[in-house]
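We name chains A, B, ... by the order of the sequence lines, and we start the count at 1 in each one.
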Protein chains: 2
Amino acid sequence: MTTLNDIAKRAGVAKSTVSRYLNNGSVSDKTREKIQAIIEETGYVPNQFAQSLKAQHSNMIGVVLPRFDSPSTNQVLKGIDDVAHEKGFQLMLTNSNLSIEREKENISLLERQKVGGIILIASKMDEDLKKQVTQLSIPTLILGQKIEGVPSLVHQDYEAGRLIAEHALELGHTKILYVGVTEEDNAVGVLRRNGFMDTVKEAGFEAAFHETSFSRKEAYQQALDYLPTTEATYIAAATDHIAIGILNAANELNLSVPDDFSLSGFGGYSESDYTFPSITTIDYPFYDLGIKALNRIEQMMKEDPVSLLETLPNQLNVKQSTKKIK
Amino acid sequence: MTTLNDIAKRAGVAKSTVSRYLNNGSVSDKTREKIQAIIEETGYVPNQFAQSLKAQHSNMIGVVLPRFDSPSTNQVLKGIDDVAHEKGFQLMLTNSNLSIEREKENISLLERQKVGGIILIASKMDEDLKKQVTQLSIPTLILGQKIEGVPSLVHQDYEAGRLIAEHALELGHTKILYVGVTEEDNAVGVLRRNGFMDTVKEAGFEAAFHETSFSRKEAYQQALDYLPTTEATYIAAATDHIAIGILNAANELNLSVPDDFSLSGFGGYSESDYTFPSITTIDYPFYDLGIKALNRIEQMMKEDPVSLLETLPNQLNVKQSTKKIK
DNA sequence: CTGAAAGCGCTAACAA
DNA sequence: TTGTTAGCGCTTTCAG
């Protein structure tokens with residue numbers, strides 16, 4: 001392996017000169033050329049361990065993600081990765097497998113690895129985790145949730161709830177069922193639902209509520225139970241996955257969407273395009289979120305000032321699964 | 001930050017003694033206890049950069065994956081991650097975004113990072129790449145493809161093709177269309193198809209062939225064209241995604257699966273469970289592949305001997321989309 | 001069983 | 001502009 005020292009010897013200079021060439025660049029033209037030639041010839045690449053040992057941190061970017069098989073997370077990841085690749089950052093991905101304990105573990109791990117920055121794609125949060133994140137000495141960016149005092153990028157979930165509710169009301173629906181998830185998830189479980197419920201209430205109606213999990217399978221099985229008896233003409237599911245589960249149950253029960261009831265999701269995963277009927281949803285800019293995230297964490301690593309909170313707008317995407325009530 | 005030196009000083013011993021305590025362990029009981037207490041008290045954690053600088057390599061495991069949004073890759077990843085987490089290995093994931101150039105880049109990158117082992121989830125391959133992999137000084141394991149002389153784990157794709165063909169024939173179908181992909185992908189484009197075609201031919205029939213891409217959207221659009229005129233009573237798609245695309249087109253055209261034609265995929269992604277009708281497929285053990293991969297790379301890193309090639313069996317999973325011909 | 005000392009490859013303060 | 005030097009935190013010989 002070629003080292004700084006090798007280059008220095010062959011160029012007949014001190015290693016600090018080579019180091020300077022590599023970093024600041026304050027070197028005479030003559031030595032510059034000499035060094036350059038030798039580096040090219042040998043294909044020298046600096047040893048990252050030595051650099052990091054010296055610097056006391058690496059410039060990798062750590063990412064904590066909730067799971068590998070979430071289409072939305074994968075879109076975010078793709079955005080992060082595209083920019084990271086372009087800017088030459090190395091990513092260190094850690095999976096917390098939907099466990100809050102592993103989220104904490106992963107953060108500690110990235111801290112120990114002394115990554116330059118952390119992007120936390122949040123799922124569940126508790127006080128412990130918030131405290132841990134707040135005390136981190138590494139620049140940290142939260143995606144999808146908020147923590148007091150920590151920079152974050154979030155979707156406009158409350159507004160998304162409103163958009164879907166307005167859509168349902170415009171189509172003339174008044175018997176409405178909202179199928180949501182646990183309040184432990186603030187963005188999906190609380191904001192979307194509140195945006196939806198508030199809007200329905202303001203219009204003078206009341207939506208029923210059913211709580212399910214994020215699992216498509218569970219949504220499917222529960223829907224088999226409640227679909228036969230529900231009076232709702234519009235069912236708003238809190239995610240596209242849940243909506244797909246409900247659609248599968250409707251098919252199973254020989255109910256037609258949107259003839260028997262209208263159905264919508266949230267998310268804009270490409271999945272909701274490929275069901276039949278395709279499902280009305282709110283498109284979230286996941287890919288853009290990833291792009292923004294990496295740019296922002298880079299700023300933070302350079303200690304540029306950044307705003308604490310940025311919200312990304314989303315929009316209604318009307319497809320085949322919703323229609324005017326007769 | 002606490003260092004080895006700090007511990008040594010506080011314990012009144014030399015740092016080499018602490019190091020020995022941490023590694024081999026040949027230390028007197030008395031010093032052992034002293035050191036232990038201080039380490040616990042301070043929460044000391046060894047500096048990985050220093051360790052790696054010394055060792056000239058880290059014990060992270062690098063993974064090269066084709067893209068983030070593939071359900072099968074995600075399953076493999078989950079298997080890899082579960083074992084890695086259990087065994088305390090750190091993963092370094094790199095995305096090659098379906099580009100063979102980025103595959104090469106990523107491998108070089110992992111080489112420069114001096115990871116302890118590389119798991120290459122292959123997609124496309126060319127001679128250059130094969131050469132690069134063969135010359136690697138880091139233990140490397142290929143998933144899903146073969147390279148001469150490099151350990152690999154592959155699916156039984158040819159056999160999978162046979163299984164599906166046998167199923168179609170058993171149901172009495174003789175007018176068969178196989179919708180496949182490019183031969184650049186050996187496992188999916190060549191082996192699956194050959195297994196299928198050979199079996200059909202041995203039975204005395206001939207299947208038609210249509211080439212498409214891996215994209216569900218493209219499969220959908222092309223199917224809109226050929227479904228109205230095809231004579232096939234059985235369509236075998238080379239992946240579940242393609243099958244879903246075809247199913248969507250059938251829905252669009254008011255064709256019924258399996259009444260108008262039977263349809264099958266390959267892959268066993270959970271997606272094929274949640275369409276209506278659910279799609280007959282070959283279940284591949286992706287998660288197990290990930291588990292095996294990590295165990296194997298660990299062996300390789302310990303320089304245990306490993307077999308060069310292991311093939312993982314898969315099995316037919318009959319669901320609602322295929323039925324006996326009338 | 002333990003300590004002293006060298007060195008992994010790099011950076012940066014200081015001196016020339 | 002350049003070289004000398006010290007040191008990041010750890011492991012590992014080699015003596016004792």
N/O donor-acceptor pair under 3.5 Å between B/Thr17 side chain and B/Val13 backbone: no
B/Asp126: which residues meet the salt bridge (Lys or Arg N to Asp or Glu O under 4.0 Å) condition with it, sequence neighbours left out? B/Lys104
From B/Ile118 atom CD1 to B/Ile61 atom CD1, the distance as rounded to the nearest 0.5 Å: 11.0 Å
Could you tell me which residues satisfy ring pair (Phe, Tyr, Trp, His ring centres under 6.0 Å) with A/Tyr284, sequence neighbours excluded, listed by chain and number? A/His155, A/Phe286
The residue, B/Gly12 or B/Leu53, whose nearest nucleotide of DNA chain C is more 5′ is B/Gly12
Check side-chain hydrogen bond (donor to acceptor under 3.5 Å, both in side chains) between B/Ser307 and all other residues, then give those that pass, not counting sequence neighbours. B/Arg296
Mind checking side-chain hydrogen bond (donor to acceptor under 3.5 Å, both in side chains) for B/Thr134 and listing every partner two or more places apart, or none if nothing turns up? none
Near-strand residues of residues 29-38 of chain B, defined as heavy-atom separation under 4.0 angstrom from DNA chain D: none
Using modelled atom types and a 3.5 Å cut-off, is there a donor and acceptor pairing between side-chain atoms of B/Ser96 and backbone atoms of B/Leu65? yes
If you fit an axis to the five pairs at each end of the helix from C/dC1-D/dG16 to C/dA16-D/dT1, how big is the angle between those two axes, to 10 degrees? 40°
What string of B, S and - do you get for nucleotides 11-16 of chain D, 5' to 3', when a contact is any protein heavy atom under 4.0 Å? BB----
Kindly determine whether A/Lys130 and A/Glu148 satisfy salt bridge (charged side-chain N to carboxylate O under 4.0 Å, His left out), including the steps that lead there. CA-CA 8 Å; A/Lys130 289 188 185 180; A/Glu148 185 88 28; over 6 Å; no
In a table with atom names and distances, give each donor-acceptor pair under 3.5 Å that connects a side chain of residues 297-306 of chain B to protein atoms at least two apart or in another chain.
residue  : atom : partner : partner atom : Å
B/Glu298 : OE1  : B/Lys87 : NZ           : 2.6

First and last nucleotide of DNA chain C in contact with chain B, 5' to 3', at under 4.0 Å to a heavy atom: what are they? C/dC1 to C/dG9
What pairs meet the side-chain hydrogen bond (donor to acceptor under 3.5 Å, both in side chains) rule with one or both residues in residues 43-57 of chain A, with sequence neighbours excluded? none
For B/Glu41, give me all partners under salt bridge (Lys or Arg N to Asp or Glu O under 4.0 Å), at least two apart in sequence or on another chain. B/Arg10
Determine which pairs satisfy side-chain hydrogen bond (donor to acceptor under 3.5 Å, both in side chains) with at least one residue from residues 62-78 of chain B, sequence neighbours left out, and list them in order. B/Arg67-B/Asp69, B/Ser70-B/Ser72, B/Ser70-B/Thr73, B/Lys78-B/Asp82
Value in whole Å for how far the C1' atom of D/dG9 lies from CE of B/Met1: 7 Å
Pair B/Ser28, B/Thr31: side-chain N/O donor-acceptor within cut-off below 3.5 Å: yes
